[in-house]
Each structure stands twice: as structure tokens, then as C-alpha cells.
Amino acid sequence: MLAVGSVAPDFTLPNQHRQNVTLSSFRGRRHVVVAFHPLAFTPICNAQGQSYERERAAFDALDAHVLVISSDAGPSKKAWADSIGLSYDALSDFHPQGAVAARYGVLRDDGLAERSVFLVDKDGVVRWAKVYGMEGHPDVNDVLDALRARPPRPARNAT
């Protein structure tokens, strides 16, 4: 698994609206919660996605955006996001399957991402990470506490 203190690997993936989302586009602007989940339309994944949406005001107040990633195809991500009321970016790591999960060290042998969450700060550095396992339900307060524990830092000036 990608270590805390590492520079987060950049990626570009399509969201549920077929728009490309690039991690580095948030640099200097927002902290990013990179939340991997195994499959759409499963009870724990549904609850995980809904917990981020339910705490949207808290994430906004902490200057953070959530990216929810699985290897599901784009149309499935759209249907899933719509079904659970997810307005955050639901990203498809479909082709090549699991490439982003592999770069973060959370791709399983069966091609699914391990349920895991990474907090990437405004400088693009992983500041907190946790693997919950397939049956584990990520506690949204874990990442909110991690955000609160690290006072927002100004982004480094590009030279």
C-alpha cells in the first residue's frame, strides 16, 4: 500500500458524467479523499458512498473533495451514483482495469480494489491512509478526524 508521506500518484479517470477528473487538478486548491471501493450496488459500498454525501458540509468546511473509485464501468458508476444520491465524483478505474488501484497498492488478485481511503493534501502528498478490507465499513469520521488533525496548509508555490 502507498505509504503516508508519499507523493500521491496522479491519475485521470472518467466520472459518472463522462468527464475526466485529474487528481493533480486539485493541487493548491483542495485536499482530496481518494476512496476505493470494490463494487457498486453492494450494501457496504452503498453505505460508504452515502456516508461521504451525508458529511458533505463537513468536507466542504475542511476544504476537501471526495473521489470514490472502483473498477466498475462508467455506466454502472452513473447508475450507482444516481441510486444512492452521490454528487461527489464516482470514478471508473475500468480500463485498464484497476490501474489506479494498483498504483496505490490496493488492487486485489481478483481485480477488485481493496476498500481503502487515502487523504491527499493540497500539495499532493498522502497524509493519512487506511485499508478497511472487503467487509469493513469505513467510518467517515476517521478521515474527517485526519483532516481536522492537520490544519490546512497553503500549497507550495510553483516555481
Side-chain angles (χ1 to χ4, degrees), residues 1-4 6 8-23 25-26 30-121 126-150:
M1 183 173 96
L2 192 63
V4 171
S6 301
D10 198 18
F11 59 82
T12 299
L13 292 172
N15 69 9
Q16 70 269 35
H17 306 293
R18 296 184 178 177
Q19 299 165 328
N20 284 333
V21 175
T22 301
L23 177 63
S25 70
F26 293 94
R30 311 252 348 221
H31 304 291
V32 181
V33 176
V34 179
F36 291 95
H37 69 101
L39 289 169
F41 298 107
T42 58
I44 297 172
C45 294
N46 291 351
Q48 181 181 1
Q50 290 168 327
S51 69
Y52 300 127
E53 195 64 40
R54 197 170 37 254
E55 295 296 336
R56 186 171 191 111
F59 283 112
D60 287 346
L62 293 165
D63 212 16
H65 184 74
V66 179
L67 303 176
V68 184
I69 305 173
S70 73
S71 59
D72 293 291
S76 293
K77 293 297 287 200
K78 167 88 169 110
W80 177 71
D82 289 349
S83 76
I84 66 168
L86 184 68
S87 62
Y88 281 118
D89 291 300
L91 304 181
S92 174
D93 191 12
F94 182 73
H95 183 75
Q97 185 164 358
V100 173
R103 292 179 69 201
Y104 279 71
V106 295
L107 183 66
R108 295 165 36 111
D109 290 339
D110 61 6
L112 300 176
E114 193 72 60
R115 191 179 315 281
S116 52
V117 181
F118 297 82
L119 172 56
V120 179
D121 71 11
V126 175
R127 293 297 173 193
W128 179 88
K130 186 171 182 179
V131 173
Y132 291 86
M134 296 299 270
E135 299 302 319
H137 184 283
D139 185 343
V140 71
N141 289 311
D142 287 349
V143 72
L144 288 170
D145 289 346
L147 278 162
R148 289 181 186 115
R150 300 191 188 288

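Remember, it's a predicted structure, so these values are computed and weren't measured experimentally.
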Under 4.5 Å between any side-chain heavy atoms of [X] and [Y], yes or no?
X	Y	value
Asn15	Lys77	no
Tyr52	Val117	yes
Lys130	Pro138	no
Arg30	Val120	no
Leu13	Phe94	no
Asp145	Trp128	no
Leu119	His31	yes
Pro75	Lys78	no

Check [X] against [Y] and note the closest heavy-atom contact, atom names and distance.
X	Y	answer
Val106	Met1	CG1-CG, 4.2 Å
Leu144	Ala58	CD2-CB, 3.9 Å
Cys45	Arg115	SG-NH1, 3.3 Å
Ser71	Leu112	OG-CD2, 4.0 Å
Leu23	Pro9	CD2-O, 3.5 Å
Gly98	Leu107	O-CD2, 3.7 Å

* Give a yes or no on whether His95 atom NE2 has more than 12 heavy-atom contacts from other residues, nucleotides or ligands under 6.0 Å away. => no
Spatial distance of atom [atom1] ([X]) from atom [atom2] ([Y]) [nearest 0.5 Å]:
X	Y	atom1	atom2	result
Ile44	His37	CD1	NE2	12.5 Å
Ser76	Leu39	OG	CG	9.5 Å
Ser51	Arg56	OG	CZ	13.0 Å
Gln48	Thr42	CD	OG1	9.0 Å
Asp63	Asp121	CG	CG	11.5 Å
Ser70	Phe41	OG	CZ	10.0 Å

Treating [X] as the side-chain partner and [Y] as the backbone partner, does any N or O pair qualify as donor plus acceptor under 3.5 Å?
X	Y	answer
Asp72	Ser92	no
Arg103	Leu2	no
Asp93	Val100	yes
Gln50	Gly85	no

* What residues form a ring-ring contact (aromatic ring centres under 6.0 Å, His included) with Phe26, not counting sequence neighbours? ->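 So Phe26 forms a ring-ring contact (aromatic ring centres under 6.0 Å, His included) with His65.
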* **Intermediate values then yes/no, side-chain contact (heavy atoms from CB on, under 4.5 Å), Tyr88 and Val33** => CA-CA 11 Å; Tyr88 281 118; Val33 176; over 6 Å; no
* All side-chain hydrogen bond (donor to acceptor under 3.5 Å, both in side chains) counterparts of Gln16, not counting sequence neighbours -> none
* Asked: Which word best sums up how the rings of Phe118 and Phe36 line up, parallel for under 30°, tilted for 30 to 60°, or perpendicular for over 60°?
  -> perpendicular
* Asked: Only one of Leu91, Thr22, Val21 clears side-chain contact (heavy atoms from CB on, under 4.5 Å) with Phe11; which?
  -> Leu91
* Derivation of the side-chain contact (heavy atoms from CB on, under 4.5 Å) call for Trp80 and Val68 -> CA-CA 11 Å; Trp80 177 71; Val68 184; 3.8 Å; yes
